[in-house]
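Working notes, structure below.
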Amino acid sequence: MSSYAGFDIVPRLTKGLVDKHNWEKLLRTIRERYQNDDQVEVKPNYIAFKSDPDLLLPLECHKFLRFGATIPNEDTGGLRDYIDTVSRVASCCFGSRVRDWDEGEGVPGYYALDDVKRSIRSYEQFDEPEVPTTLAQFVLGTDPIRELNLPLYEVKPVPGKGQGLVARFNIAKGQLIISEKPFFTTSNATSAAIIEKQISIELRKLPKDAQRQFLSLHNNFPGKKPFSGIVRTNALPCGPDSPIGGIYPTISRINHSCLPNAHNSWNSASGYENIYAVRFIAAGEEITIPYDHGGPSDERRRHLKSAFGFDCDCKICSRQPAELKQSDERRRQIQHLDAEIGNALRLMYSPGDCLKDCQALLQILGEEFEGSPGAHLARLYYDAFQICIVHGDQARARVFAERSYRARLACEGENNPETKRIQKLMEDPKMHASFGLSMKWKSLKNQVPRGLSSDEFEKWLWRQGK
């Protein structure tokens, strides 16, 4: 009778220097041990044991959860020997963190099988480099500031902007900066007079301190309706294009930038607005989000002046004329490509062109947002997912869904309903309602090629040469 056996490392390895050093020691030992074994091959991103397709050791230690396989009664591939040997080497490097298990003997593995499969799929591509925010994180892979739950920001005057949020510590890309419940929510579909009356009712329900906080927010529309003016100036939509807006004690003080370092997202399940860092934020740097709707600088600045009463002088808008012209051209290209990708007829009848536009947009977004497109990236990869799944290509759809999931995870968190939805599509792409409207690119989700170099994998993914 076959037996599923192997070992897990608990707690999982980090990106810290200590774990990296010990993992490199493990990999070096395994390479030397099996250098003359033609059943063990060093691939671009992992070491593969050919006896089982999932028996892999990633080069990036933080992705590793499990080394295990189903061992048949007649173990002609030597699976048990490989597992026992690698387990002994791992124990020398990581001690008691190595947990051997054997389901045939009633000892289950520590990690859920779905999590293990997800980690193995992530081996195919290297993660982008991450800047440690503290010395402890660099060495140990842990962030004491995050673990102590200290506020990462302080509200203080920002020259030319009034009050704003400034980082107290270095903040890593993908880190949650603040999660906050609104004073109240209100619809922008009603008249200012009705909003004024509704807010008066809501304000009476708030404690005195909260009332003072609300009244201290900036009002770009002073006059006879001060409450609705504060709302119009400070409300954030409760979800993309939502007519419902929320007003917050602290988040409403975050100022704008056309090159933001943070992203705001509404969690409909928890009723909280969350702010995540979309790039590394240094201590002392102002935390910013976008108020604009995209487009070239003249369009953005007109909107910002009309809606919020300020002239934008952010890093993008204050560039020299020649550089600003280049930025404006990229923003126009972003709008054009986004419209072309969203054309339903074109997606159906020219999917290859749509996918090429996605790849072109990926490059332009990287250039314009200096390598950190944030939520734009999650949307782009989801668009690429939809192009593939409409035409039955589950393999590529799975990869694009996983990339969209990782991008959304970094800017909206794992508990966001949309993040969870994308995660389900990543596990089973054909769950999407548009699956198989055409079977032009038919493939199965497990037909993602393995062992390709990064360049070769990207060419396959974007269907270059097809």
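Values reported hereafter were calculated over all heavy atoms of this structure, with side chains retained and with hydrogens, waters and symmetry mates removed.
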Any ion pair linking Asp115 and Arg118 (charged N to carboxylate O, less than 4.0 Å)? yes
Would you compute the distance between atom CD of Gln423 and atom CG of Asn416 and round it to the nearest 0.5 angstrom? 12.0 Å
Show, in sequence, the C-alpha distance, side-chain angles and deciding distance for Ser297 and Asp328, and conclude whether the side chain to side chain donor-acceptor pair (under 3.5 Å) test is met. CA-CA 6 Å; Ser297 57; Asp328 285 344; 3.1 Å; yes
Decide, yes or no, whether a salt bridge links Arg403 with Glu458 under the criterion of side-chain N to carboxylate O below 4.0 Å. yes
How close do Ala262 and Pro290 get, heavy atom to heavy atom, and via which atoms? O-CD, 4.0 Å
Do you know which of Ile281, Ile177, Ile171 makes side chain to side chain contact (heavy atoms under 4.5 Å, CB included) with Asn261? Ile281
Note, Arg28 side chain near Lys25 side chain (heavy atom, < 4.5 Å): yes
Yes or no on side-chain contact (heavy atoms from CB on, under 4.5 Å) for His62 and Arg12, after CA distance, side-chain angles and deciding distance? CA-CA 7 Å; His62 65 277; Arg12 68 182 301 169; 5.8 Å; no
For the CZ atom on Phe126, are there more than 12 heavy atoms of other groups (residues, nucleotides or ligands in this structure) within a distance under 6.0 Å? yes
Should we count CD of Glu154 as having more than 12 external heavy atoms under 6.0 Å? yes
Are any of the side-chain heavy atoms of Val155 and Leu165 separated by less than 4.5 Å? yes
I'd like to know if Glu427 pairs up with Arg121 as an ion pair, taking the criterion as any Lys NZ or Arg NE/NH1/NH2 lying under 4.0 Å from an Asp or Glu carboxylate oxygen. yes
Pro237 and Ser242 have their tightest heavy-atom pair at CB-O, 3.9 Å
Looking at Glu456 and Lys459, is there a salt bridge between them, counting it only when a charged N and a carboxylate O are closer than 4.0 Å? no
Check Arg66 with Asp54, please: is the shortest side-chain N to carboxylate O separation under 4.0 Å? no
Verify side-chain contact (heavy atoms from CB on, under 4.5 Å) between Leu57 and Phe64, making sure each step is shown before the conclusion. CA-CA 7 Å; Leu57 291 171; Phe64 178 84; 4.0 Å; yes
Are Phe369 and His376 near enough that their ring centres are under 6.0 Å apart? yes
Check Leu59 against Pro44 and note the closest heavy-atom contact, atom names and distance. CD1-O, 3.3 Å
Show the atom names and distances, to 0.1 Å, of all donor-acceptor pairs under 3.5 Å that link a side chain in residues 207-214 to residues at least two apart or in another chain.
residue	atom	partner	partner atom	Å
Asp209	OD1	Arg212	NH2	2.5
Gln211	NE2	Leu203	O	2.9
Gln211	NE2	Leu206	O	2.9

Taking the side chain as C-beta and beyond, is there a heavy-atom pair between Phe308 and His303 under 4.5 Å? yes
Could you please spell out the steps behind the side chain to side chain donor-acceptor pair (under 3.5 Å) verdict for Glu196 and Ser228? CA-CA 5 Å; Glu196 194 76 12; Ser228 61; 3.1 Å; yes
Once rounded to the nearest 0.5 Å, what's the spacing between atom CD of Gln163 and atom OG of Ser216? 8.0 Å
Taking the cut-offs as 6.0 angstrom to the six-membered ring centre and 45 degrees off its axis, would you call Arg396 and Trp441 a cation-pi pair? no
Once side chain to side chain donor-acceptor pair (under 3.5 Å) is applied, what residue pairs with a partner in residues 428-438 remain, sequence neighbours excluded? Tyr382-His432, His391-Ser438, Asp428-Lys430
Do Arg331 and Glu299 sit within salt-bridge range, that is, some charged N less than 4.0 Å from a carboxylate O? no
Any non-hydrogen side-chain atom of Cys358 less than 4.5 Å from a side-chain atom of Ile387? yes
Measuring only between side-chain heavy atoms, which start at C-beta, is Phe94 closer than 4.5 Å to Leu26? yes
Test log, rule side-chain contact (heavy atoms from CB on, under 4.5 Å), inputs Ser404 and Phe385: CA-CA 8 Å; Ser404 180; Phe385 163 85; over 6 Å; no
Gln333 and Glu368: side chain donor to acceptor below 3.5 Å: no
Of all heavy-atom pairs between Gly246 and Cys238, which one has the smallest distance, and what is that distance? N-SG, 3.7 Å
What's the spacing between Leu304 CG and His293 NE2 if we round to 0.5 Å? 8.5 Å
Can you find a pair of side-chain heavy atoms, one from Arg300 and one from Cys312, that are under 4.5 Å apart? no
Taking the six-membered ring for Trp, are Phe310 and Tyr291 parallel (under 30°), tilted (30 to 60°) or perpendicular (over 60°)? perpendicular
Between Asp311 and Arg301, does any NZ, NE, NH1 or NH2 come within less than 4.0 Å of an OD or OE carboxylate oxygen? no
Trp23 versus Ile9: any side-chain heavy-atom pair under 4.5 Å? yes
Point-to-point distance, once rounded to the nearest 0.5 Å, from CG of Leu437 to CD of Gln386: 11.0 Å
Which heavy atom of Asn220 sits nearest a heavy atom of Thr233, and at what distance? N-OG1, 2.9 Å
Can you tell me if NZ on Lys156 sees more than 12 non-hydrogen neighbours from other groups inside 6.0 Å? no
Where do Gly229 and Phe221 come nearest, in terms of heavy atoms and distance? O-CD1, 3.9 Å
Tell me the salt bridge (Lys or Arg N to Asp or Glu O under 4.0 Å) pairs involving residues 257-285, sequence neighbours left out? none
Between Lys205 and Glu202 (salt bridge meaning N to carboxylate O under 4.0 Å), is one present in this structure? yes
Minimum side-chain heavy-atom gap Leu13-Lys63 below 4.5 Å: no
First locate atom OH of Tyr46, then atom CD of Glu60, and finally report the distance between them rounded to the nearest 0.5 Å. 13.0 Å
Set out, in order, the CA-CA distance, both residues' side-chain angles and the distance that settles side chain to side chain donor-acceptor pair (under 3.5 Å) for Ser443 and Asp393, then state yes or no. CA-CA 5 Å; Ser443 71; Asp393 190 347; 2.5 Å; yes
When rounded to the nearest 0.5 angstrom, what is the spacing between CD1 in Ile251 and CG in Asn234? 12.0 Å
